[in-house]
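Notes to accompany the following structure.
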Amino acid sequence: MPKLDSSVEHVVNKVVDPIGVSQIRYFAKKFSQIPGIIKMTLGEPDFNVPEHVKQAAIESIKENDSHYSEQAGIIGLRKAIANYLNVRFDLDYDPESEIVVTIGATEAVYATFAAMINPGDKVIIPTPTFALYIPIIKVLGGIPVQVDTTADGFRLTGKKLAEVIEREGEDKVKAVLINYPGNPTGFVYSKEQLEEIVDVVKDKEMFVISDEIYAELIYGRKHVSFAKLLPGKTILINGLSKSHAMTGYRIGYLAGPEGFVKNALKMHAFMVTAPSNPAQYAAQEALENGIDDASEMRVVYQERRDYIVGKLNDLGYDTLLPEGAFYTFSKIPAKFGLSSVEFCTRLAEEAKLGVTPGMAFGEGGEGYFRMSYASSMEDIKEAMNRLEKFTKSLQ
């Protein structure tokens, strides 16, 4: 394997170079190499893409839809997204100027930050959360301000947000990012809890970036989009990876005020030109004729959730009942004297069960571990058996 020539070491990006790889992916890959392991690391739905959605992608290929689409995405898909957001969440977006189709929600996050952040700008990030946001902000010259929410049940309260903004300087804070249903916690904000945040930011010169990729996977209640409460300052991020088990199709989107979206579109175009046509037509089909495809998945996920949370708490791993997504986030008993990395590494090596250390989700995650229940019930039951034996070995 070639090594970096010493004569060019000084020209690499000094911000990117020291940033580590995704810890979620790192541990998933590391633990996957253990023979016989049960993997509950990645947020990868174990369902297949609905058949009618697959057929739409196939027809696109047969019809030779092999040329560049509009950079914002095919208009049919943008119209389908606008209609979906209206039907599901009572949101009104112009598909011509307020929606951009991206390569997964991941690219939507990057394009949003790239269109927003100037060097030195601060972005408030409640943790534990999906840690992708933090390195992107750093690469773009921004400053991620992590706020530990564990004492408040994984919720960013209005009071806490106001305190952080005052401490960091209102003129320096460019945005607050919220992710709900939460990854890794499954926490879901109520309308009243969201309104607390609205009251804090509505008169300030800052955005709210609301990552709602798990909006279709909420149990027993209705999802309230932040964009409904503060549309002129909200950048909404979503996609089809979780709702339609289309992780590999890589279709996400961002929606927001036209004045902001035009700059996010520029960044998107510089990075990827345009999304893949077959994936876009599949996504259009999913939103036009499969808007309820997630309902069957949601029932199965809830059954798994109820089983796994009960088992975790019985074994002494304090676990709040997640109201959305498909993860549990459990406290590692202090009596074990193990960090999250030590605990998860021993669990993988000794019990052949792969889970993700809480440290992978920011400053608020240490002392916890995440389990994905986007796995078969058979695997989940065996995983709980292995966890029980491992737990007894530590006591």
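Note that the numbering runs from 1 along the sequence shown for the chain.
- Side-chain atoms of R304 come within 3.5 Å of backbone N or O of Y373 as a donor-acceptor pair.
- Heavy atoms only, all atoms of each residue included: F326 and G43 are closest at CE1-CA, 3.6 Å.
- Through direct or indirect side-chain contacts shorter than 4.5 Å among Ile, Leu, Val, Met, Phe, Trp and Tyr, I134 is connected to no other residue.
- The main-chain N or O of D65 is found under 3.5 Å from a side-chain atom of N277 such that the two form a donor-acceptor pair.
- Of the possible donor and acceptor atoms, none in the side chain of K242 sits under 3.5 Å from a partner among the backbone N and O of L217.
- Summarising the local packing, NZ of K331 is surrounded by more than 12 heavy atoms from other residues, nucleotides or ligands at distances under 6.0 Å.
- K233 contributes a side-chain N or O that, together with a main-chain N or O of K202, makes up a donor-acceptor pair within less than 3.5 Å.
- Legend: residues meeting side-chain hydrogen bond (donor to acceptor under 3.5 Å, both in side chains) with K352, ordered by chain and number and at least two apart, are absent.
- Taking OG1 of T157 as the reference point, atom CD of E196 lies at 6.5 Å (rounded to 0.5 Å).
- Salt bridge absent: E107 and R250 never bring a charged side-chain N and a carboxylate O closer than 4.0 Å.
- Counting heavy atoms from C-beta on, the side chains of L387 and L353 come closer than 4.5 Å.
- A 6.0 Å sphere centred on NZ of K160 holds no more than 12 heavy atoms belonging to other residues, nucleotides or ligands.
- Side-chain contact between L321 and D306: present, with at least one pair of heavy atoms (C-beta onward) separated by less than 4.5 Å.
- Counting only distance, with no hydrogens or angles, the side chain of S60 and the backbone of A56 share no donor-acceptor pair below 3.5 Å.
- Environment of CD in Q33: crowded, with over 12 heavy atoms of neighbouring residues, nucleotides or ligands closer than 6.0 Å.
- Taking the charged nitrogens against the carboxylate oxygens, K122 and D171 have no contact shorter than 4.0 Å, which rules out a salt bridge.
- A donor-acceptor pair under 3.5 Å is formed between the side chain of D121 and the backbone N or O of N118.
- Under the 4.5 Å side-chain criterion, counting only non-hydrogen atoms from C-beta, M297 is not in contact with P45.
- Side-chain contact of E44 with T247: a donor-acceptor pair under 3.5 Å is present, judged by distance alone.
- Electrostatic pairing of E382 and R386 counts as a salt bridge here, judged by a charged N lying under 4.0 Å from a carboxylate O.
- Looking only at distances, no side-chain donor or acceptor of S340 sits under 3.5 Å from a matching main-chain atom of P357.
- In this structure the side chain of S97 never reaches within 4.5 angstrom of the side chain of K262, judged on heavy atoms.
- Looking at heavy atoms from C-beta onward, L347 lies out of side-chain contact with F31 at the 4.5 angstrom threshold.
- Less than 6.0 angstrom separates the ring centroid of Y214 from the ring centroid of Y327.
- Between A131 and A360, the shortest heavy-atom contact is CB-O, 3.1 Å.
- Here the shortest heavy-atom pairing between S225 and L91 reads OG-CD1, 3.7 Å.
- Donor-acceptor pairing under 3.5 Å is lacking for the side chains of S393 and E350.
- Counting heavy atoms from C-beta outward, Y93 and L85 have side chains that approach closer than 4.5 Å.
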Apply side-chain contact (heavy atoms from CB on, under 4.5 Å) to L287 and L240, showing your working. CA-CA 9 Å; L287 294 180; L240 287 91; 4.0 Å; yes
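- Rounding to the nearest 0.5 Å gives a distance of 9.5 Å between CD of E163 and CG of L161.
- Considering CD of E258 and CG of L265, their distance stands at 11.0 Å, rounded to 0.5 Å.
- Proximity of the aromatic rings of Y84 and F89 is defined here by a centroid distance below 6.0 angstrom, and this criterion is met.
- No donor-acceptor distance shorter than 3.5 angstrom exists from the side chain of E216 to the backbone of A294, with no hydrogens or angles considered.
- Of the N and O atoms on the side chains of H268 and Q71, not one donor lies less than 3.5 Å from an acceptor on the other residue.
- Surrounding NZ of K204 are more than 12 heavy atoms belonging to other residues, nucleotides or ligands, all under 6.0 Å away.
- Identified under the salt bridge (Lys or Arg N to Asp or Glu O under 4.0 Å) test for residues 280-289, with sequence neighbours left out: none.
- Enclosure of atom NZ in K174 by more than 12 non-hydrogen atoms of other residues, nucleotides or ligands within 6.0 angstrom is indicated.
- The cluster map of Ile, Leu, Val, Met, Phe, Trp and Tyr, joined by side-chain heavy atoms under 4.5 Å apart, puts F369 and F154 in different clusters.
- Just one of T185, N183, T41 meets the side chain to side chain donor-acceptor pair (under 3.5 Å) condition when paired with R370; it is N183.
- Across all non-hydrogen atoms, the minimal contact from A348 to I37 is CB-CD1, 3.9 Å.
- For Y189 and F226, the distance between ring centers is not under 6.0 angstrom.
- Counting heavy atoms of neighbouring residues, nucleotides and ligands inside a 6.0 Å radius, atom CD of E168 exceeds 12 of them.
- Side-chain contact check for E342 versus F336: every heavy-atom pair is 4.5 Å or farther apart.
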Dump the intermediate steps for side-chain contact (heavy atoms from CB on, under 4.5 Å) on F113 and Y133, then the final yes or no. CA-CA 9 Å; F113 280 134; Y133 315 122; 4.2 Å; yes
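- Note that CG of L156 and OG1 of T149 are 7.5 Å apart. Values are rounded to the nearest 0.5 Å.
- The distance between the ring centers of F47 and Y301 falls below 6.0 angstrom.
- Annotation: K79, atom NZ; neighbour count of heavy atoms from other residues, nucleotides and ligands within 6.0 Å does not exceed 12.
- For the atom pair K30 NZ and Q23 CD, the distance stands at 10.0 Å (nearest 0.5 Å).
- Within the 3.5 Å criterion, the main-chain N or O of G104 finds a donor-acceptor partner in the side chain of T102.
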Set out, in order, the CA-CA distance, both residues' side-chain angles and the distance that settles side-chain contact (heavy atoms from CB on, under 4.5 Å) for F130 and I213, then state yes or no. CA-CA 11 Å; F130 186 48; I213 188 68; over 6 Å; no
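- Summarising the geometry of S210 relative to Y180, their closest heavy-atom pair is OG-CE2, 3.4 Å, with the distance given to 0.1 Å.
- Contact detail for L140 and A114: the closest heavy-atom pair is CD1-N, 3.5 Å.
- For the residue pair T150 / Y368, no side-chain donor-acceptor distance below 3.5 Å is found, with atom types taken as modelled.
- To the nearest 0.5 Å, atoms OG1 (T234) and NZ (K228) are separated by 12.0 Å.
- Within a 6.0 Å radius of NZ in K39, no more than 12 heavy atoms belonging to other residues, nucleotides or ligands are found.
- Not a single donor-acceptor pair under 3.5 Å links the side chain of H223 to the backbone N or O of E212.
- Residues V164 and R167 form a side-chain contact, since some pair of their non-hydrogen atoms from C-beta on lies under 4.5 Å apart.
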